[in-house]
2 protein chains.
Amino acid sequence: MTRGRVTSFDVAKEAGVSQSAVSRAFNSGTSISEKTRLRVEAAAEKLGYRPNAMARTLISRRSNMIGLVMADIVNPFYPAVLDTFMRSFQQLGHRVMLFMVARDQQVSDVLPQLLEYQVDGVVITSATLSPEMVEHCQRLQTPVTLFNRYVEGIQADSICCDNIGASRAIADLLLDAGHRQLAFIAGVRNTSTSQDREQGFFSRIHERRATAPLKAEGHYQYQGGYEAALALFAGETKPDAIFCANDLMALGAIDAIRNQLKLNIPEQVSVIGFDDIKEASWKNYQLTTYRPRVEKMVNTAVENMLERISNPERPALQLIEAGEIVIRQTARLPETIYQPIVDER
Amino acid sequence: MTRGRVTSFDVAKEAGVSQSAVSRAFNSGTSISEKTRLRVEAAAEKLGYRPNAMARTLISRRSNMIGLVMADIVNPFYPAVLDTFMRSFQQLGHRVMLFMVARDQQVSDVLPQLLEYQVDGVVITSATLSPEMVEHCQRLQTPVTLFNRYVEGIQADSICCDNIGASRAIADLLLDAGHRQLAFIAGVRNTSTSQDREQGFFSRIHERRATAPLKAEGHYQYQGGYEAALALFAGETKPDAIFCANDLMALGAIDAIRNQLKLNIPEQVSVIGFDDIKEASWKNYQLTTYRPRVEKMVNTAVENMLERISNPERPALQLIEAGEIVIRQTARLPETIYQPIVDER
DNA sequence: TGAGGTGCTGCATACGTATTCACTTTATAT
DNA sequence: ATATAAAGTGAATACGTATGCAGCACCTCA
């Protein structure tokens, strides 16, 4: 009805009460009579009043905003993660300030910007954070959560899927099925996810005294997986099973193997991925892969974050959440009936 | 170095100047000597000072935050859009407050929340906005931009890809190639994008006096496209070309046609999509499709938004940005050498 | 009847910054 | 050298809300 910004004073005048009353009417757990609350609400409605979150934040020292930093949105795994985070935070009454960091960008570049906006907490997905930055956050009492990444000995919550356990289980599955020459297609070299998946896979193979696996690099991209597969088969010794550090590369590898190398999957080559993105279940691929419990991981991350906001003394938690292998059509299985594996290490 | 929040007063004391000086040191275009600026910066650095964006917003009435509302993130087209928006806004020094609205949710539910946070502008992708809401924003001097959606006669910028022109061009392409019985797989029924693509396609076919096209509905999803394709071929008259309202459905349709119906593409059936998502270029699909100029659309949207923030009087702009048909392998082409089409209507 | 609660209310203040205004210092021109 | 403009500075205030405090009305219990 009115023009321009309408403040709590305007509403107060309209309702014939004090500004304090207006404030109390809009905050639960305050002392106000039902009668005045209704009058205030009517006046607010009439004037189109909405409280100014900036002013509220300034005085209450709580913005109800979470800073969310995402790296690497090109991997179709992360839109799903983002979506889940958004729903979870929105549902619990928190807004999200989003930042994307490019591959060549540091999280430390954007973190100060986030903190200027008085976010109540920071969630960082698939990117690491320098210990100094964490310390800085800690001084500001701003909790930090790392998603799918961990750093030893810092004061930050972290929740990861069980990269090592999963990769070991996949090695077991492939060896049990009688494959002789395994191969690994790595993601981006300097990421902990790719390193952990590689380490789990290699160590288990080594433990079982099987032939050392081949290795190629696919940068977590479809095209990279495609080319990595070709590279693997261009060598002297050819693999009969490939484990890819993510699904996207696995799908690239499959297309290379089928369409270009004209080999049959899984008869001649088995392929296993990681993430269980939507595309993995497409009829044309039916990819056998590892599915992290994204929903559960996100929800724990969110709960822990909010818990830690209201109780800053709580020490940081480092969690690993096991997922499961999803058996589809791209990998030969052991003779014995094989159950989907949940390795809890 | 210190603990807790450090304010401009702390920095002022440390540097031996007034709080005003500190403020000026952090804002360009203010009157301050180089000497004191350096002293302030040193003190700020020493104390780890960062200005409080909430306080700044409160007084300057500018938050440097943009509200971004996204619907329907499941379509792989939109992560790319989001990514482009984020880069563009970040680059120009703006933060983004993100909201996701589920299919059953109204934008009008989240808009008030956005406005509470004093965002300088609101961008809404693939969702409409009631005229009342637009009016509300206008009262608050908050510019609104619709991305890939438009509403007649409201005071909001909008930028769309050329749905109608594109669909007409696709109809032409398919008819010119000699197809006789076209079909259309629609997206979500009540979206303007799906409706416009249908209308353009149908109207052009009608104009050319060709056989009326078949139609099925795929809800913009892979599985929906898969099933829609099966439904189309289950009928009495079978299509020899299918235009899908987005790529995701087209890929589903391809898998259904090849893997289940055992038909050859494009020899027996042509398939054309819309969006040019990453997956469309995968070796296994090589989908012929329409590519909107996402980068350009986003950049124009962002520029217009910022322009409109600094000059609220500027009238709203409604733009249509033409894209191009990307010729790949899933559609038969006319005999004459066919150029990628840019229809500017 | 009065003492002590209880439930509401308004006043006044604080949050941390930007900005106006008046003032002082410095630079420039005559 | 002085007059005058320009540049720099600090004090004070405003932004819009939450909240401690004191006051007030009303009620309860003896």
Side-chain angles (χ1 to χ4, degrees), chain A residues 2 4-41 43-44 47-65 112-113 115-120 140-141, chain B residues 2 4-41 43-44 47-65 112-113 115-120 140-141:
Chain A
T2 49
R5 294 304 207 254
V6 29
T7 76
S8 54
F9 281 99
D10 301 329
V11 177
K13 182 185 284 182
E14 173 75 26
V17 297
S18 73
Q19 180 267 330
S20 325
V22 177
S23 171
R24 286 193 260 260
F26 276 83
N27 292 72
S28 59
T30 51
S31 169
I32 188 172
S33 70
E34 195 59 23
K35 200 178 65 180
T36 50
R37 147 167 286 134
L38 290 177
R39 285 179 55 190
V40 169
E41 276 169 3
L47 300 181
Y49 169 74
R50 298 257 81 199
N52 183 322
M54 301 289 141
R56 185 204 302 143
T57 300
L58 197 54
I59 188 134
S60 69
R61 296 160 171 288
R62 189 132 297 175
S63 65
N64 289 322
M65 286 179 59
Q113 297 185 50
L115 296 177
E116 278 188 25
Y117 280 81
Q118 315 301 111
V119 292
D120 294 339
L140 296 174
Q141 299 258 36
Chain B
T2 47
R5 294 308 207 249
V6 28
T7 76
S8 53
F9 281 99
D10 302 330
V11 177
K13 183 186 284 183
E14 173 74 26
V17 296
S18 73
Q19 180 266 332
S20 322
V22 178
S23 170
R24 285 192 261 259
F26 276 84
N27 292 70
S28 60
T30 52
S31 169
I32 188 173
S33 71
E34 195 57 25
K35 201 177 65 181
T36 50
R37 145 166 286 135
L38 290 176
R39 285 178 58 190
V40 168
E41 275 169 5
L47 300 181
Y49 168 74
R50 297 255 84 196
N52 183 321
M54 301 290 143
R56 185 202 305 143
T57 300
L58 198 53
I59 189 134
S60 71
R61 296 157 171 288
R62 187 131 299 175
S63 65
N64 288 323
M65 287 178 60
Q113 297 184 50
L115 296 177
E116 279 189 25
Y117 280 82
Q118 316 300 115
V119 292
D120 295 339
L140 297 173
Q141 299 260 34

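Residue numbers begin at 1 in each chain, while the letters A, B, ... track the order of the sequences.
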Atom [atom1] of [X] and atom [atom2] of [Y]: how far apart are they, to the nearest 0.5 Å?
X        : Y        : atom1 : atom2 : value
B:Arg37  : B:Phe26  : CZ    : CZ    : 9.5 Å
B:Thr57  : B:Met65  : OG1   : CE    : 8.0 Å
A:Gln113 : A:Leu115 : CD    : CG    : 10.0 Å
A:Asn52  : B:Tyr117 : CG    : OH    : 10.5 Å

(message) Between the base of D:dA18 and the side chain of A:Gln19, is one N or O donor paired with an acceptor at under 3.5 angstrom?
(response)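 Yes, a donor-acceptor pair under 3.5 Å.
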
(message) Go nucleotide by nucleotide along DNA chain D from the 5' end; which of A:Ser20 and B:Thr30 gets its closest nucleotide reached first?
(response)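 Per heavy-atom nearest nucleotide, the more 5' residue is B:Thr30.
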
Using a heavy-atom cut-off of 4.0 Å across all strands, would you classify [X] as base, sugar-phosphate, or nothing?
X       : answer
B:Ser33 : sugar-phosphate
A:Val22 : nothing
B:Thr7  : sugar-phosphate
A:Phe26 : nothing
A:Arg24 : base
B:Thr36 : sugar-phosphate

Just by modelled atom types, is the [Y] backbone N or O under 3.5 Å from a matching donor or acceptor in the [X] side chain?
X       : Y        : result
A:Arg5  : B:Leu140 : yes
B:Arg39 : B:Ala15  : yes
A:Ser63 : A:Gln118 : yes

(message) Rounded to whole Å, how long is the line connecting atom CD1 of A:Ile59 with atom C1' of D:dA18?
(response)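 These atoms are roughly 4 Å apart.
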
(message) I need the CZ-C1' distance between B:Phe9 and D:dA12, as an integer number of Å.
(response)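 That distance rounds to 10 Å.
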
(message) With a strict under 4.0 Å distance from non-hydrogen atoms of chain A, what nucleotide opens and what nucleotide closes the contacted stretch of DNA chain C, reading 5' to 3'?
(response)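 Contact boundaries, 5' end first: C:dC8 to C:dG16.
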
(request) Report yes if a side-chain nitrogen or oxygen of A:Asn52 is closer than 4.0 Å to either non-bridging phosphate oxygen (OP1 or OP2) of D:dT17; otherwise report no. (result)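 So the side-chain polar atoms of A:Asn52 never come under 4.0 Å of the phosphate oxygens OP1 or OP2 of D:dT17.
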
